There are 2 protein chains.
Amino acid sequence: MATIYDVAALAGVSPATVSRVFNGITVSAERSDRVRAAAEQLSFTPNRTARTLRKQSSEVIALIIPDIENPFFTALARGVEDVAQASGYSVVLCNTDEDAEKEARYLDVVVSENMAGIILAAASDLVDLTDLTRRGRPVVAVDRSLPDVDTVTVDNVAGGRDATRALVEQGFRRIACITGPRGRTTAEGRADGWREVLMTTSAVHADLDRYLRHADFRVEGGHAAMVDLLNLPEPPDAVFVANNLMAVGALRALIEHDLTPPLVGMASFGDLPFATLSPRGVTVIRLPARLLGEAAAQLLIERLHGDDRPRQAIRLGNSA
Amino acid sequence: MATIYDVAALAGVSPATVSRVFNGITVSAERSDRVRAAAEQLSFTPNRTARTLRKQSSEVIALIIPDIENPFFTALARGVEDVAQASGYSVVLCNTDEDAEKEARYLDVVVSENMAGIILAAASDLVDLTDLTRRGRPVVAVDRSLPDVDTVTVDNVAGGRDATRALVEQGFRRIACITGPRGRTTAEGRADGWREVLMTTSAVHADLDRYLRHADFRVEGGHAAMVDLLNLPEPPDAVFVANNLMAVGALRALIEHDLTPPLVGMASFGDLPFATLSPRGVTVIRLPARLLGEAAAQLLIERLHGDDRPRQAIRLGNSA
DNA sequence: CTTGACCCTGAAATCGATTTCATTTAGGCT
DNA sequence: AGCCTAAATGAAATCGATTTCAGGGTCAAG
């Protein structure tokens, strides 16, 4: 309720001086004390809206993710939060539900709220960032890379390779792949890793695509794809699933068909959520979700502090 | 980049008129068209910071939760989001990590960013909401009730009763309880339900507290408490766990001791996350997490629209 | 003693919208 | 035609901070 003018009046100084006290600009000790006492007495908190309007930038960074119910993204969010808080930024989390329209709406909010910057795991490959970049708002793409902006990702192809190789080593031969939507770089990369390994292995050369399914990165999609694969005349004896939630769905399908791993082999790109509950027969490619968030926040904050190196593309490793 | 003045100049009208066009105040059709055309041409988006400063309130509501990695809260968040979006509000999500200090910081942000209202699942029973209520910002407590403000909760005592009764019916007798921190109303309520049932049953009257553990609502806490219970001279033959994450931990402890349910009985207050992965022997009290969020958002928005009924306390049922 | 450099300080402009208030214009009624 | 009411419009004030600019004071060097 109290404004800078109230404080100024009570302390017997000008509003400008009050502002300076709170912004670390030299003010005589005596006045400074008076101002602080007055502020204390009125329990004054500076109005961030006014400050943001004047400075044309707030101390809030937006983290936009496609699925808040996916533990991978919440872990990532934790990483972002830790680093941001430590540097004095608040993080607001926006959930797009993989919906390009919702995403666009949140991007508008970011612009018109003058937020300092954005960390974005994009729902759409075609996001329009021109509004943001034109206004000099730094953007860091995380998990899913985007053209022209800094990115922090994992090595999708290597992960797909590692997972598939593990299944081969376990003796499986007809290894299927359930990946994400067609055209998504993460989905395609992981499937590429799978394809690479199978091409160089004795396995089914002929028609790999027979064993490839594109789903939606969600539990139900993974379930449906697995059921579909099991209904093939010659069903796979193992499956590489390209994200954690689809792996949960696929696993459920296997259990329903009494094919609980390791009866059918399974590898998941990304930890199964609450893994303590899941069968031991599943190979998991562990992803550094939290680190991803930390690295992205780190990078964003460096940009906010004026760093103008050329575009960075950080790629973190995974651990089988 | 474009401001209302730019649009006004291009359309040949005053800024006031531009504002009116965007706020649904009558403006002649001809001018209105010119303004819209100009706005389109300049790709004008009104600056929310300025608008918020002038109106002393934004269209953003804050949702403050204690643990973003708990699927219960993310489901709740989805409910809030759906309702809020439908009414034109954006939701920003703040994670306090059960830390009262972080919570206080976010509450400050809410005030000084002039956010419209708050939905709060409080980390501390002693939150100070005076700043908020003094400024007329509506607050709705969700999941964890608070004095003096609207609340939306589940019936904790009934849930505890239902869960315990189910275990009794399954033939278990030495039923332990792992609940949340001492003094937390949710934790105490659930334990009360458990106690009630055991008092009226043939079961161990003597020293109920021997089988009661207080943990921290997290996976590791549940695990430790379960291990502790299993080390008793006369370990329990079943356990009621008062939240989903502790249930995951307790379950892991049981599995590690080769006591996978139903060898030892187990009931969980709240769905086990990604339940498809978990043993069938666990009784689950299903919680309407999403509904909780929807109801809270509904209530908050009614308050924002000027509803001034006396304090509401909505209690949703659960389903065994 | 004068001059210049530097530090504090306050008055006033500024950020970009909304809103009050006064004025103009148009339309309806007698 | 004349008068009154209502609608449309623009000028200017406002929200609460930051920041520019200019003035006043202190101190050291010449």
Side-chain angles (χ1 to χ4, degrees), chain A residues 1-36 38-39 42-60 108-116 131 135-137, chain B residues 1-36 38-39 42-60 108-116 131 135-137:
Chain A
M1 216 73 214
T3 73
I4 205 171
Y5 297 95
D6 303 327
V7 176
L10 181 59
V13 302
S14 76
T17 300
V18 178
S19 172
R20 291 195 258 258
V21 168
F22 283 94
N23 289 282
I25 303 188
T26 48
V27 168
S28 73
E30 178 228 359
R31 273 159 203 269
S32 170
D33 288 345
R34 286 217 311 273
V35 168
R36 273 181 222 289
L42 298 172
S43 67
F44 164 75
T45 320
N47 182 316
R48 287 187 190 224
T49 304
R51 155 185 265 255
T52 299
L53 177 59
R54 178 62 230 235
K55 308 235 298 187
Q56 300 287 312
S57 173
S58 70
E59 280 86 46
V60 173
D108 270 357
V109 172
V110 168
V111 170
S112 58
E113 293 265 8
N114 288 309
M115 292 184 184
D131 261 16
R135 281 166 219 235
R137 300 275 174 248
Chain B
M1 217 71 214
T3 75
I4 206 171
Y5 297 96
D6 302 328
V7 176
L10 181 58
V13 301
S14 78
T17 299
V18 177
S19 171
R20 291 196 257 259
V21 169
F22 282 94
N23 288 283
I25 301 187
T26 49
V27 167
S28 73
E30 178 230 0
R31 271 159 205 266
S32 170
D33 289 346
R34 286 217 310 274
V35 168
R36 274 180 221 289
L42 298 173
S43 67
F44 164 75
T45 319
N47 181 317
R48 288 188 189 224
T49 304
R51 153 185 266 255
T52 298
L53 177 59
R54 177 63 230 237
K55 308 235 295 185
Q56 300 287 307
S57 174
S58 71
E59 280 84 48
V60 173
D108 269 357
V109 173
V110 168
V111 170
S112 59
E113 293 266 9
N114 288 310
M115 293 182 184
D131 261 16
R135 281 167 219 233
R137 301 274 174 249

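Side-chain atoms are counted along with the backbone in the values below, which use heavy atoms only and exclude waters and symmetry mates. Order of the sequence lines fixes the chain letters, A, B, ..., with proteins taken first and strands second; residue numbering starts at 1 for each chain. Because the structure is predicted, anything quoted here is derived from the model rather than measured.
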Where chain A begins and ends its contact with DNA chain D, read 5' to 3' at 4.0 Å from heavy atoms: dG16(D) to dT20(D)

Donor on one side chain, acceptor on other, Asn114(B) and Thr49(A), under 3.5 Å: yes

Distance, nearest 0.5 Å, that separates OG1 of Thr3(B) from CG of Leu42(B): 9.0 Å

From CA spacing to verdict: side-chain contact (heavy atoms from CB on, under 4.5 Å), Ser57(B), Arg137(B): CA-CA 9 Å; Ser57(B) 174; Arg137(B) 301 274 174 249; 4.1 Å; yes

Minimum side-chain heavy-atom gap Arg135(A)-Val111(A) below 4.5 Å: yes

Matching residue for Val18(A) among Val27(A), Asp6(A), Val7(A) - test: side chain to side chain contact (heavy atoms under 4.5 Å, CB included): Val7(A)

Whichever of Ala50(A) and Glu30(A) has its nearest DNA chain C nucleotide further upstream toward 5': Glu30(A)

Non-hydrogen side-chain atoms of Val35(B) and Phe22(B) separated by less than 4.5 Å: yes

Main-chain N/O of Glu113(B) paired to Arg48(A) side chain as donor or acceptor, under 3.5 Å: no

Between CZ on residue Arg51(A) and OG on residue Ser19(A), distance to nearest 0.5 Å: 8.0 Å

5' precedence on DNA chain D between Arg54(A) and Gly12(B) (nearest-nucleotide basis): Gly12(B)

Neighbours of DNA chain C within residues 16-27 of chain B, by heavy-atom distance under 4.0 Å: Ala16(B), Ser19(B), Arg20(B), Asn23(B)

